[in-house]
Amino acid sequence: MRRYVRVALLCLGCGLCSLLYGSSQLALEHEPGGGKPQAPDPAAPVRRQRAGGGRAAAAAAAAGGSAGRGEPELPDRCKNLSISYWNSYWMLPSDVCGMNCFWEAAFRYDFMKTQPAEKMHLAVVACGERLEETVTMLKSAIIFSIQPLQFHIFAEGQLHNSFKGILNGLPYQGKFNYTVYPITFPTESAAEWKKLFKPCASQRLFLPLILKDVDSLLYVDTDILFLRPVDDIWSFLKKFNSTQIAAMAPEHEEPRIGWYNRFARHPYYGITGINSGVMLMNMTRIRRKYFKNDMTTARLQWGEILMPLLKKYKLNITWGDQDLLNIMFFHNPESLFVFPCQWNYRPDHCIYGSNCKEAEEKGIFILHGNRGVYHDDKQPTFRAIYEAIKKYSFGDDLVNFLLQPLELELQKTMHTYCGRIYKVFIKQLTKSIRDIYDRRSKGS
């Protein structure tokens with residue numbers, strides 16, 4: 001009964017507001033200059049796209065993709081009022097807010113109650129003996145993230161049952177879902193792609209072509225550890241401009257120790273190249289884009305350009321698929337969003353002395369233990385963090401069973417360059433744990 005009363009009141013409110021709006025327009029016609037045409041509001045189409053269903057998708061295609069959606073700019077007088085989705089069927093002008101806010105806020109309340117939270121899509125490729133490392137990475141994502149996660153796990157057949165058994169046994173099932181896929185390459189060149197660099201690593205190049213229904217995706221290597229919510233790097237999608245299709249971090253901060261600028265025999269992005277271990281992708285835009293290249297005057301789409309690139313540069317590339325990405329973004333630099341080094345912090349940022357200033361100031365957000373440093377004694381600082389997250393049991397107190405034991409272990413690594421700045425490694429981790437407890441105390 002209450003639902004019918006609410007619907008009746010909503011209809012009554014709509015009718016009243018339409019009447020008020022019509023009266024206001026009639027009054028404007030009698031004011032001096034009221035009949036003059038007004039300059040169009042450039043933000044109005046964006047607002048109407050938010051609720052326009054298929055029309056919104058078409059508009060997003062014209063803009064180059066559907067991720068990276070920022071909030072539309074509202075008129076100054078509306079910014080402090082309760083406004084969310086403008087229904088295009090109401091045909092309200094872009095600057096109408098005040099008299100409609102009371103019932104629009106009620107609409108938003110009902111809408112938010114029935115809409116599930118946005119899922120963040122995270123992909124990883126695991127081959128060989130990477131099961132434990134991959135599970136530890138997924139565990140770090142689950143611990144700190146806020147919005148639900150959808151894992152896309154590409155793995156060799158013998159690993160599938162192990163992944164399913166482990167993930168099905170984890171708590172917080174409502175916080176994540178997963179799908180396990182086989183390793184898949186184009187049939188005519190599968191062997192060549194699989195042996196490129198590390199086994200299966202080049203699978204990431206084909207994710208936009210395999211996951212056709214996924215709009216945006218965060219790809220990470222198996223040796224990644226999240227020290228803050230995935231939500232935060234996911235939010236970079238909203239910062240993409242109309243030409244950007246992917247985001248990565250530089251390969252080096254210091255050119256004197258850079259690999260690409262000293263040794264590469266192929267084009268690469270920027271001054272020191274880019275590292276593809278953490279790669280945020282608007283896959284809708286990737287699939288639609290035509291890429292400039294040095295093989296033909298014609299621009300090629302993603303699925304058309306990969307094999308020709310491999311054939312041309314396979315004798316000149318060292319780091320496999322990462323080198324191919326560097327070549328592509330060398331020719332299409334406007335398509336890349338570059339995020340700072342604390343989002344992809346590697347041993348190179350501290351083994352020769354600290355050279356990631358952003359991490360020194362704000363802490364490490366994503367740790368990348370490449371060169372196998374989680375599994376040997378060359379960089380004990382990295383290994384200590386990996387072991388701490390691997391051993392942590394869901395449900396245990398994060399301070400007493402993760403943070404404090406980890407800090408004690410890190411203090412034992414101060415004989416190394418990375419160990420001397422161990423507080424940089426736990427600065428963001430400490431904040432992330434504090435934020436978790438704050439959210440719990442607020443019941444969110």
Side-chain angles (χ1 to χ4, degrees), residues 43 45-47 49-52 56-73 84-85 112 115-124 137 140-142 144-152 175-177 204-205 207-221 224 226-250 269 274-289 291 302 325 328-329 332-344 358 362 365-366 368 428 432:
V46 179
R47 292 189 198 97
Q49 289 166 17
R50 294 293 295 269
S66 56
R69 297 178 287 264
E71 289 298 321
E73 184 66 23
S84 59
Y85 298 94
M112 293 303 291
Q115 293 299 310
E118 178 190 10
K119 281 187 178 180
M120 301 175 293
H121 293 261
L122 188 150
V124 64
M137 179 275 293
S140 71
I142 295 169
F144 298 112
S145 295
I146 303 168
Q147 298 291 346
L149 292 155
Q150 176 66 49
F151 297 138
H152 302 272
K175 192 172 180 179
F176 73 94
N177 288 305
R204 84 185 84 182
L205 295 176
L207 297 181
L209 307 178
I210 298 171
L211 302 175
K212 295 180 180 179
D213 295 328
V214 177
D215 174 72
S216 296
L217 183 76
L218 176 62
Y219 165 85
V220 295
D221 287 346
I224 290 296
F226 292 94
L227 304 183
R228 71 180 294 169
V230 174
D231 309 61
D232 296 328
I233 189 167
W234 191 258
S235 69
F236 281 134
L237 289 166
K238 295 180 179 179
K239 298 183 180 181
F240 282 15
N241 65 29
S242 61
T243 67
Q244 290 167 336
I245 65 172
M248 285 178 271
Y269 178 88
I274 47 175
N275 184 281
S276 59
V278 179
M279 184 177 177
L280 184 64
M281 294 179 278
N282 181 328
M283 300 214 295
T284 299
R285 293 184 179 185
I286 288 176
R287 288 186 286 262
R288 290 172 179 161
K289 182 175 176 60
F291 293 84
W302 189 267
L325 290 168
M328 292 174 74
F329 285 107
N332 301 270
E334 75 287 349
S335 298
L336 187 67
F337 179 98
V338 180
F339 48 70
C341 50
Q342 74 264 40
W343 294 98
N344 187 350
E358 291 88 348
K362 299 179 181 179
F365 300 165
I366 295 178
H368 187 174
Q428 176 58 48
S432 295

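Just so we're clear, the structure is a prediction, and the values are computed from it rather than from any experiment.
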Handout entry: Shortest non-hydrogen contact from Ser145 toward Met120
Key = CB-CE, 4.2 Å
Practice task
Measure across Lys289 and Glu334 and return the closest heavy-atom pair with its distance rounded to 0.1 Å.
Solution key: NZ-OE2, 3.6 Å
Exercise for the section: Kindly indicate whether the side chain of His152, heavy atoms from C-beta on, has any atom under 4.5 Å from the side chain of Ile210. Expected result: no
Exercise for the section: Please tell me if the side chains of Phe365 and Asp232 come closer than 4.5 Å, counting only heavy atoms from C-beta onward. Expected result: no
Practice task
Please step through side chain to side chain contact (heavy atoms under 4.5 Å, CB included) for the pair Trp234 and Glu118, ending with a clear verdict.
Solution key: CA-CA 11 Å; Trp234 191 258; Glu118 178 190 10; 3.4 Å; yes
Problem - Rounded distance [0.5 Å steps], NZ in Lys212 versus OG1 in Thr284 - result: 13.5 Å
Exercise for the section: Taking the side chain as every heavy atom from C-beta outward, state whether Met328 and Tyr269 have any atom pair closer than 4.5 Å. Expected result: no
Exercise for the section: Anything under 30° is parallel, anything over 60° is perpendicular, the rest tilted; go ahead and classify Phe337 against Phe236. Expected result: tilted
Practice task
Kindly say whether Phe291 contributes a backbone atom to a donor-acceptor pair with the side chain of Asn332 at under 3.5 angstrom?
Solution key: no
Handout entry: Note, His368 side chain near Asp221 side chain (heavy atom, < 4.5 Å)
Key = yes
Exercise for the section: Go through Asn177 and Lys119 one step at a time and tell me if the side chain to side chain contact (heavy atoms under 4.5 Å, CB included) criterion holds. Expected result: CA-CA 9 Å; Asn177 288 305; Lys119 281 187 178 180; 2.9 Å; yes
Handout entry: Rounded distance (nearest 0.5 Å) linking atom CH2 of Trp302 with atom CE of Met283
Key = 10.5 Å
Problem - Separation between CZ of Phe176 and CG of Leu122, rounded to the nearest 0.5 Å - result: 12.0 Å
Handout entry: Minimum side-chain heavy-atom gap Phe240-Asn282 below 4.5 Å
Key = yes
Completion exercise
CD1 (Ile146) and NZ (Lys175) are apart, to the nearest 0.5 Å, by 8.0 Å
Handout entry: Test log, rule side chain to side chain contact (heavy atoms under 4.5 Å, CB included), inputs Ser432 and Phe226
Key = CA-CA 10 Å; Ser432 295; Phe226 292 94; over 6 Å; no
Exercise for the section: Could you pull out the closest heavy-atom pair between Met137 and Ile224, with the gap in Å? Expected result: CG-O, 3.0 Å
Practice task
Kindly give the heavy-atom pair with the smallest separation between Val124 and Tyr219, and that separation in Å.
Solution key: CA-CE1, 4.3 Å
Problem - Val338 and Pro250, any side-chain heavy atoms less than 4.5 Å apart - result: yes
Problem - Side chain to side chain, Val230 and Phe144, heavy atoms closer than 4.5 Å - result: no
Fill in the blank from the handout: Looking only at heavy atoms, the pair that brings Arg287 and Pro208 closest together is NH1-O, 2.9 Å
Fill in the blank from the handout: Taking every heavy atom of Phe329 against every heavy atom of Ala246, the minimum-distance pair comes out as CZ-CB, 4.0 Å
Exercise for the section: For the pair Val278 and Leu218, evaluate side chain to side chain contact (heavy atoms under 4.5 Å, CB included) and give the outcome as yes or no after the intermediate values. Expected result: CA-CA 7 Å; Val278 179; Leu218 176 62; 4.0 Å; yes
Problem - Leu217 side, atom CG; Leu207 side, atom CG - distance, nearest 0.5 Å - result: 6.0 Å
Practice task
Answer yes or no: is there a side-chain heavy-atom contact under 4.5 Å between Leu325 and Leu205?
Solution key: yes
Exercise for the section: Using side-chain contact (heavy atoms from CB on, under 4.5 Å) as the criterion, point out the one residue from Ile286, Asp215, Leu211 that pairs with Met281. Expected result: Ile286
Practice task
Enter the distance from Met279:CE to Met248:CE here, rounded to the nearest 0.5 Å.
Solution key: 4.0 Å
